[in-house]
Student: 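One structure follows; several queries about it will come next.
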Amino acid sequence: YASHRDALLMSLTEEGLERMAGLAGDAFRRVGSLYVAADEDEVALVRAEGEALAADGFDADWLDAEALPPALSPHYLGGLYHPRDGLLEPGRWSRRLGELAAAAGVEIHEESRALELDGTVVRAASGSVAAGLVVVATDGYTQALLPELDDLIAPARNQVLATVPLAERYFEPAVYARHGYDYWQQTAAGRVVLGGRRDAAPEAEATREEATTALVQGELEALLENLLGYVPAVTHRWAGLLGFTPDRLPLVGALPGREGVWCALGYSGHGNVLALVCGEGVAQAVLGRPDARLAAFSPERTLGAPARA
């Protein structure tokens with residue numbers, strides 16, 4: 001935050017958290033988050049972030065090593081605590097959103113990948129859907145659907161593992177480290193869900209292939225062992241795709257040159273909360289009630305600029 005100071009983005013994020021807390025039920029727990037620092041250079045960066053956030057009116061408190069959870073204090077020199085943050089279980093959140101949408105009369109067609117967009121006709125392998133308006137919200141899965149975005153949205157693979165439920169509670173807040181390259185949480189059921197380490201193979205992880213690799217999964221297990229002192233049984237491993245824009249801000253709004261086509265994507269690793277805010281913003285805009293704050297994310301600002309992950 002200190003190097004890319006954006007109070008608007010932070011305000012939208014906090015607004016999205018409140019909205020999410022109201023919708024998600026027990027898929028979201030308001031337990032805060034910790035950005036921990038492993039060396040003096042990172043301490044300086046994290047402290048600077050905390051000072052910038054505080055100066056802009058956001059809650060963020062520095063914790064010295066002795067104030068960190070016991071599983072963290074031997075490995076990190078301190079951390080920045082965000083009390084308004086929380087833990088989201090994305091699978092349960094997705095099901096919750098699907099239930100709410102279905103209750104509102106929305107038809108959801110799973111396993112129907114959109115292959116082509118012709119005007120406002122969406123073509124899939126099993127058929128086509130003609131609409132008056134189309135919103136493309138595919139983030140890291142945008143390839144070939146809108147050719148003008150192929151070079152603009154840079155994909156990055158993100159790998160995760162989850163353990164068996166553990167009897168001991170190691171982490172209450174969400175935790176992230178190394179500029180977000182490491183992150184983890186412990187679910188209400190006790191599972192440790194840990195992801196990241198894509199910088200172990202940056203070129204290989206700049207891919208659209210949705211598959212785990214032995215290298216990154218091994219790195220994740222090493223991190224898990226470092227934190228807990230052992231590697232619990234791992235029950236799930238998976239990978240998903242992120243979509244990065246050149247300036248790391250999302251693309252939200254009407255797509256230039258395509259009448260009736262809007263987009264909300266390119267969250268650059270921060271889509272859980274921002275996608276909710278931006279999706280609702282697009283919905284309001286197409287109904288004639290635009291949110292002026294989202295103008296900063298207009299696709300017009302960056303079309304034609306190459307992206308990197």
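The basis for the numbers below is simple: all heavy atoms, side chains too, and nothing from hydrogens, waters or symmetry mates. Quick caveat, the model's predicted, so the values are computed rather than measured.
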Student: Could you check whether any side-chain N or O of R208 sits under 3.5 Å from a backbone N or O of Y141, counting only pairs where one atom can act as donor and the other as acceptor?
Tutor: no
Student: Do L63 and Y170 belong to the same hydrophobic cluster, where Ile, Leu, Val, Met, Phe, Trp and Tyr are linked whenever their side-chain heavy atoms lie under 4.5 Å apart, directly or via other members?
Tutor: yes
Student: Run the salt-bridge test on R293 and E15 with the 4.0 Å N-O cut-off and return the result as yes or no.
Tutor: yes
Student: Side-chain heavy atoms nearer than 4.5 Å, only ILVMFWY residues, links allowed to pass through others: does that put L34 and Y183 together?
Tutor: no
Student: According to a hydrophobic-cluster definition based on side-chain heavy atoms being under 4.5 Å apart (Ile, Leu, Val, Met, Phe, Trp, Tyr only), do L265 and L241 belong together?
Tutor: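 Each belongs to a different hydrophobic cluster.
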Student: Apply side chain to side chain contact (heavy atoms under 4.5 Å, CB included) to the pair L251 and Y267, showing each step before the final yes or no.
Tutor: CA-CA 8 Å; L251 302 177; Y267 298 108; over 6 Å; no
Student: Can you name the closest pair of heavy atoms from L255 and L146 and give their distance?
Tutor: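 Closest approach of L255 to L146, heavy atoms only: CD2-CD1, 3.7 Å.
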Student: Could you check whether any side-chain heavy atom of F244 comes within less than 4.5 Å of a side-chain heavy atom of I153, counting everything from C-beta outward?
Tutor: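 No, every pair of side-chain atoms sits at 4.5 Å or beyond.
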Student: Please verify the inter-ring angle class for F171 with W184; under 30° counts as parallel, over 60° as perpendicular, anything in between as tilted.
Tutor: perpendicular
Student: Is T13 close to L274 at the side-chain level, that is, under 4.5 Å between some pair of heavy atoms?
Tutor: yes
Student: Do the non-hydrogen side-chain atoms of H270 and N272 ever get within less than 4.5 Å of each other?
Tutor: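 Answer no - side chains too far apart.
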Student: Verify, without hydrogens or angle tests, whether R248 (side chain) and T245 (backbone) share a donor-acceptor contact under 3.5 angstrom.
Tutor: yes
Student: Working to the nearest 0.5 Å, report the span between CG of L161 and CD of Q159.
Tutor: 9.5 Å
Student: What heavy-atom pair brings P256 and E300 nearest, and what distance separates the two atoms?
Tutor: CG-CG, 3.4 Å
Student: Work out which heavy atom in A201 is nearest to a heavy atom in L215; give both atom names and the distance.
Tutor: CB-CD2, 3.7 Å
Student: Throw together a table of side-chain donor-acceptor distances under 3.5 angstrom for residues 220-230, partners on residues two or more places apart or in other chains.
Tutor:
unit_1: E221; atom_1: OE2; unit_2: R237; atom_2: NH1; d: 3.1
unit_1: E221; atom_1: OE2; unit_2: R237; atom_2: NH2; d: 2.4

Student: Nearest 0.5 Å, what's the OG-CG distance between S11 and D6?
Tutor: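 If we round to the nearest 0.5 Å, S11:OG and D6:CG are 8.5 Å apart.
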Student: E205 and R198: salt bridge (Lys or Arg N to Asp or Glu O under 4.0 Å), yes or no, with the steps?
Tutor: CA-CA 6 Å; E205 295 304 296; R198 62 186 175 85; over 6 Å; no
Student: Less than 4.5 Å apart, any side-chain heavy atom of Y181 and any of R197?
Tutor: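 In short, these two side chains do not touch, never coming nearer than 4.5 Å.
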Student: Tell me, yes or no, whether the heavy-atom count around H236 atom NE2, taken from other residues, nucleotides or ligands under 6.0 Å, exceeds 12.
Tutor: no
Student: So, does D150 use its side chain to make a donor-acceptor pair with the main chain of A144 at under 3.5 Å?
Tutor: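 Checking the backbone N and O of A144 against the side chain of D150, a donor-acceptor pair under 3.5 Å is found.
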Student: Kindly say whether W238 contributes a backbone atom to a donor-acceptor pair with the side chain of T212 at under 3.5 angstrom?
Tutor: no
Student: If you measure from the Lys or Arg side-chain nitrogens to the Asp or Glu carboxylate oxygens, is any gap between D85 and R30 under 4.0 Å?
Tutor: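 Salt bridge flag = no for R30 with D85.
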Student: Can you get from V231 to V164 by hopping between Ile, Leu, Val, Met, Phe, Trp and Tyr side chains that sit under 4.5 Å apart?
Tutor: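 As far as the 4.5 Å side-chain criterion goes, V164 and V231 are connected within one cluster.
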Student: Would you call the rings of Y176 and Y35 parallel, tilted or perpendicular, taking 30° and 60° as the class edges?
Tutor: parallel
Student: May I ask you to test the L242-R157 pair for a side-chain heavy-atom distance under 4.5 Å?
Tutor: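 No - every pair of side-chain heavy atoms lies 4.5 Å or more apart.
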Student: Please give the remaining members of the hydrophobic cluster of V31, linking ILVMFWY side chains under 4.5 Å, ordered by chain and number.
Tutor: L87
Student: Are L45 and E49 side-chain neighbours, meaning at least one heavy-atom pair lies under 4.5 Å?
Tutor: no
Student: Testing the 3.5 Å rule here: is there a donor-acceptor pair between the side chains of E89 and T187?
Tutor: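 There is no such pair between these side chains.
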Student: Are E172 and Q186 close enough that a side-chain donor and a side-chain acceptor fall under 3.5 Å?
Tutor: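 No donor-acceptor contact under 3.5 Å links the two side chains.
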Student: Enumerate the salt bridge (charged side-chain N to carboxylate O under 4.0 Å, His left out) contacts for residues 34-47, please, sequence neighbours excluded, ordered by first and then second residue.
Tutor: R47-D64
Student: Does one hydrophobic cluster hold both V46 and V36, with members joined at side-chain heavy-atom distances below 4.5 Å?
Tutor: no
Student: Evaluate the side-chain proximity of W262 to V134: yes if any heavy-atom separation is below 4.5 Å, no if none is.
Tutor: no
Student: For residues 256-280, which residue pairs qualify under salt bridge (charged side-chain N to carboxylate O under 4.0 Å, His left out), counting only residues two or more places apart or in two chains?
Tutor: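 Residue pairs passing salt bridge (charged side-chain N to carboxylate O under 4.0 Å, His left out), neighbours aside: R19-E280, E148-R258.
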Student: Give a yes-or-no answer on whether the side chains of T235 and R191 include a donor-acceptor pair shorter than 3.5 Å.
Tutor: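 Indeed, the side chains of T235 and R191 share at least one donor-acceptor pair under 3.5 Å.
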Student: For D247 and R301, what are the C-alpha separation, side-chain angles and deciding distance, and is it a side chain to side chain contact (heavy atoms under 4.5 Å, CB included)?
Tutor: CA-CA 10 Å; D247 60 6; R301 78 182 189 280; 2.8 Å; yes
Student: If every non-hydrogen atom of A239 is compared with every non-hydrogen atom of E210, which pair is closest and at what distance?
Tutor: O-CG, 3.2 Å
Student: Side chain to side chain contact (heavy atoms under 4.5 Å, CB included) for T142 and L152? Distances and angles first, verdict last.
Tutor: CA-CA 10 Å; T142 305; L152 191 62; over 6 Å; no
Student: Please evaluate residues M10 and D56 with respect to the criterion side chain to side chain contact (heavy atoms under 4.5 Å, CB included), reporting the C-alpha separation (whole Å), side-chain torsions for both, the decisive distance (0.1 Å), and the verdict.
Tutor: CA-CA 10 Å; M10 193 66 185; D56 287 347; over 6 Å; no
Student: Mark yes or no for whether T163, through its side chain, and P232, through its backbone, hold a donor-acceptor pair below 3.5 Å.
Tutor: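 Flag not set: sc T163 to bb P232 has no pair under 3.5 Å.
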Student: Running the 4.5 Å side-chain criterion over Ile, Leu, Val, Met, Phe, Trp and Tyr, what cluster does V106 land in, apart from itself?
Tutor: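 Other cluster members: I108.
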Student: Measuring from R113:CZ to T138:OG1, what's the distance to the nearest 0.5 Å?
Tutor: 8.5 Å
Student: Measuring from atom OG of S298 to atom CG of L249, what distance do you get when rounded to the nearest 0.5 angstrom?
Tutor: 12.0 Å
Student: Taking all heavy atoms of T120 and all of G260, pick out the closest pair and write down the distance.
Tutor: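 For T120 versus G260, the nearest heavy atoms are CG2-O, 3.7 Å.
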Student: I'd like to know whether CD of E107 has more than 12 heavy-atom contacts from other residues, nucleotides or ligands below 6.0 angstrom.
Tutor: no
Student: How many angstroms lie between atom CZ of F297 and atom CG of L12, to the nearest 0.5 angstrom?
Tutor: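 Rounded to the nearest 0.5 Å, the CZ-CG separation comes to 5.5 Å.
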Student: Identify the two heavy atoms, one from V277 and one from G16, that lie closest to each other, and give their separation to 0.1 Å.
Tutor: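 Between these two residues, the closest heavy atoms are CG2-CA, 3.3 Å.
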Student: Please round to the nearest 0.5 Å and tell me the distance separating atom CG of L194 and atom CD of Q185.
Tutor: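 Answer for the CG-CD pair, L194 versus Q185, is 10.0 Å.
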Student: For W93, which fellow cluster members are found when Ile, Leu, Val, Met, Phe, Trp and Tyr are connected by side-chain heavy-atom distances below 4.5 angstrom, either directly or through intermediates?
Tutor: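 Taking Ile, Leu, Val, Met, Phe, Trp and Tyr as members, W93 shares its hydrophobic cluster with L17, M20, L23, F28, L88, L97, L100, V273, L276.
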